[in-house]
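Since the model is a prediction, treat every value here as computed from it, not as a measurement.
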2 protein chains.
Amino acid sequence: MSIQERKAREFNRRESEILNAALALFGRADWELVTVEEISRKAEVGKGTIYKHFESKDEIYARLALEFNRKLLAQIQQTNLLPVIARFREMTRVAWEAHLSSKELHRVVLYCGRAEFRRNLPARISEELKAVEAATNKAINSAIMQGVEEGLFPRKPLDMLMFGAQSAFWGAVQLIWSGYLNERDKARYCDEITNFILTGLIYQDRRL
Amino acid sequence: MSIQERKAREFNRRESEILNAALALFGRADWELVTVEEISRKAEVGKGTIYKHFESKDEIYARLALEFNRKLLAQIQQTNLLPVIARFREMTRVAWEAHLSSKELHRVVLYCGRAEFRRNLPARISEELKAVEAATNKAINSAIMQGVEEGLFPRKPLDMLMFGAQSAFWGAVQLIWSGYLNERDKARYCDEITNFILTGLIYQDRRL
DNA sequence: GTCGTATAATGACCGGTGGTCACTAATCAG
DNA sequence: CTGATTAGTGACCACCGGTCATTATACGAC
């Protein structure tokens, strides 16, 4: 049934168009006020059509975040052959680049990270998001275990080792985008936070 | 004019009642769905009364955040006589305690930190928030300068030194409340992040 | 061709929300 | 007593996310 296939293709294309239209609108300063009707106009479809493709406005956010996380995961997994310090630097650089290169996507990913958001998400999408996040954590865990085995990081529970590193990274990205910091030298901030994280991991159980 | 004073006192008391009612409702799991009318019912006033006291719903959030930040600032400023490491530990502990002891207030403070929120805030409140934040930053800066002068932290731009520390703290608090972590040992997480921050500050320019 | 079927697409419509405003009630100065 | 001021009020408005009856199109069966 080639015609049915074509129809399915067109259906999927329309879905992408809607997502792209939404993402484009989320570039606006008042992106949280973007309405479903605006998205439908930008995508050149009727408002009802949106709801043939997505259960809710929130699912649009979630699908965009999912796509972002999948791409990031693939990049992070590709660092697995590097020596441990270079691996951390590369993972941080890749994630930094991903979050800093698109204000729209960063906003959406952050928006979808909140517990209040996750609670009301359709189960299907929620599971997908959890799966990608679990895979990402596994990749980071693997890097940390590598560091522990090489004697670079102290031997202690993995979640505690992860905690500081993840905190610093997420906090840094958010500080950047929240506008308090100097826009000029984002690259330097990346270097700073990468060093900060590695330093924390390596020296955290030394006496102060 | 004792009677006018009494009236003013009652007006202020009503304002506090509204803020308390709002804060109580923000403890709900779906706190973002709390409506102005619900707040007015809880405070036992008419809905219109809310708008005699606050320009918008957002101003209610902002006023709660302001109160939180003021109390925190006062506590942070009281650490100024401690030796530098103890000072940092105490500052972190106090801020940690403030954020972790009330889910409602933490939510509100975070909600008010977003750039999108700040943009639409009435100028008066916005200035007040900025002032408190500036004072808080000044207090932290003073502690960091103390560390630099004692030769404990490396000599480099203050904002770069602050960056890692603030990132790690904010990221940690958010990770805790986002629900990914174990609720049991919040105290241990506090110790971890405090060490992580101090380690980062002290060793961040060592060779890795 | 033509009829019945399936389904993507649509926009008028609904319930609920933040915010407004004309009005009431209480108090005060003259 | 009278006019002015102001806290308090809730019916009302514009607008939003989401629904659903209807339309348009393409298909296979005959």
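- Shown here are the side-chain contact (heavy atoms from CB on, under 4.5 Å) partners of B/Pro83, two or more places apart in sequence or in another chain: B/Ala86.
- Taking CD1 of A/Ile144 as the start and CE of A/Met162 as the end, the distance is 5.5 Å to the nearest 0.5 Å.
- Salt-bridge formation is detected for the pair A/Arg118/A/Glu133: a Lys NZ or Arg NE/NH1/NH2 atom is positioned less than 4.0 Å from an Asp or Glu carboxylate oxygen.
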Polar pairs (N or O, both sides) under 3.5 Å between protein and nucleotides 24-26 of chain C?
none

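- For A/Glu116, the side-chain hydrogen bond (donor to acceptor under 3.5 Å, both in side chains) criterion is met by B/Trp31, not counting sequence neighbours.
- Rounded to whole Å, the distance from CD on B/Glu37 to P on C/dG15 is 16 Å.
- The local environment of CD in B/Gln77 is crowded, with over 12 non-hydrogen atoms from other residues, nucleotides or ligands closer than 6.0 Å.
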Enumerate, atom names and distances included, each donor-acceptor pair closer than 3.5 Å involving a side-chain atom of residues 89-100 of chain B, sequence neighbours excluded.
| residue | atom | partner | partner atom | Å |
| --- | --- | --- | --- | --- |
| B/Arg89 | NH2 | B/Asn195 | OD1 | 3.2 |
| B/Glu90 | OE1 | B/Arg93 | NE | 3.2 |
| B/Glu90 | OE2 | B/Arg93 | NH2 | 3.0 |
| B/Thr92 | OG1 | B/Phe88 | O | 2.7 |
| B/His99 | ND1 | B/His106 | ND1 | 3.2 |

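- Comparing the helix axis at one end of the helix from C/dG1-D/dC30 to C/dG30-D/dC1 with that at the other, each defined from 5 consecutive pairs, gives an inter-axis angle of 20° (nearest 10°).
- Applying the side-chain hydrogen bond (donor to acceptor under 3.5 Å, both in side chains) rule to pairs touching residues 57-69 of chain B yields B/Glu15-B/Arg63, sequence neighbours excluded.
- Pairs engaging residues 23-32 of chain B under the salt bridge (Lys or Arg N to Asp or Glu O under 4.0 Å) rule: A/Arg114-B/Glu32, B/Arg28-B/Asp30, B/Arg28-B/Glu38 [sequence neighbours left out].
- Pairing each heavy atom of B/Ile197 with each of A/Phe196, the nearest pair is O-CZ, 3.8 Å.
- Smallest separation of non-hydrogen atoms from A/Glu104 and A/Leu23: CG-O, 3.4 Å.
- Listed by residue number, the members of residues 38-64 of chain B with any heavy atom below 4.0 angstrom from DNA chain C are B/Lys47, B/Tyr51, B/Ser56, B/Lys57.
- Protein atom CD of A/Glu10 is 12 Å distant from nucleotide atom C1' of D/dT25, rounded to whole Å.
- Taken residue by residue, residues 14-34 of chain B places heavy atoms nearer than 4.0 Å to DNA chain D at B/Arg14.
- A salt bridge between A/Glu192 and B/Lys156 is present, with a side-chain N of the basic residue lying under 4.0 Å from a carboxylate O of the acidic one.
- By the ring-ring contact (aromatic ring centres under 6.0 Å, His included) test, A/His53 is found to be paired with A/Phe11, residues two or more places apart in sequence or in another chain being considered.
- Counting only residues at least two apart or in different chains, salt bridge (Lys or Arg N to Asp or Glu O under 4.0 Å) contacts with residues 137-147 of chain A are absent.
- A distance of 9.5 Å separates CZ of B/Phe117 from OG of B/Ser126, quoted to the nearest 0.5 Å.
- DNA chain C lies under 4.0 Å from no heavy atom of any residue of residues 109-117 of chain A.
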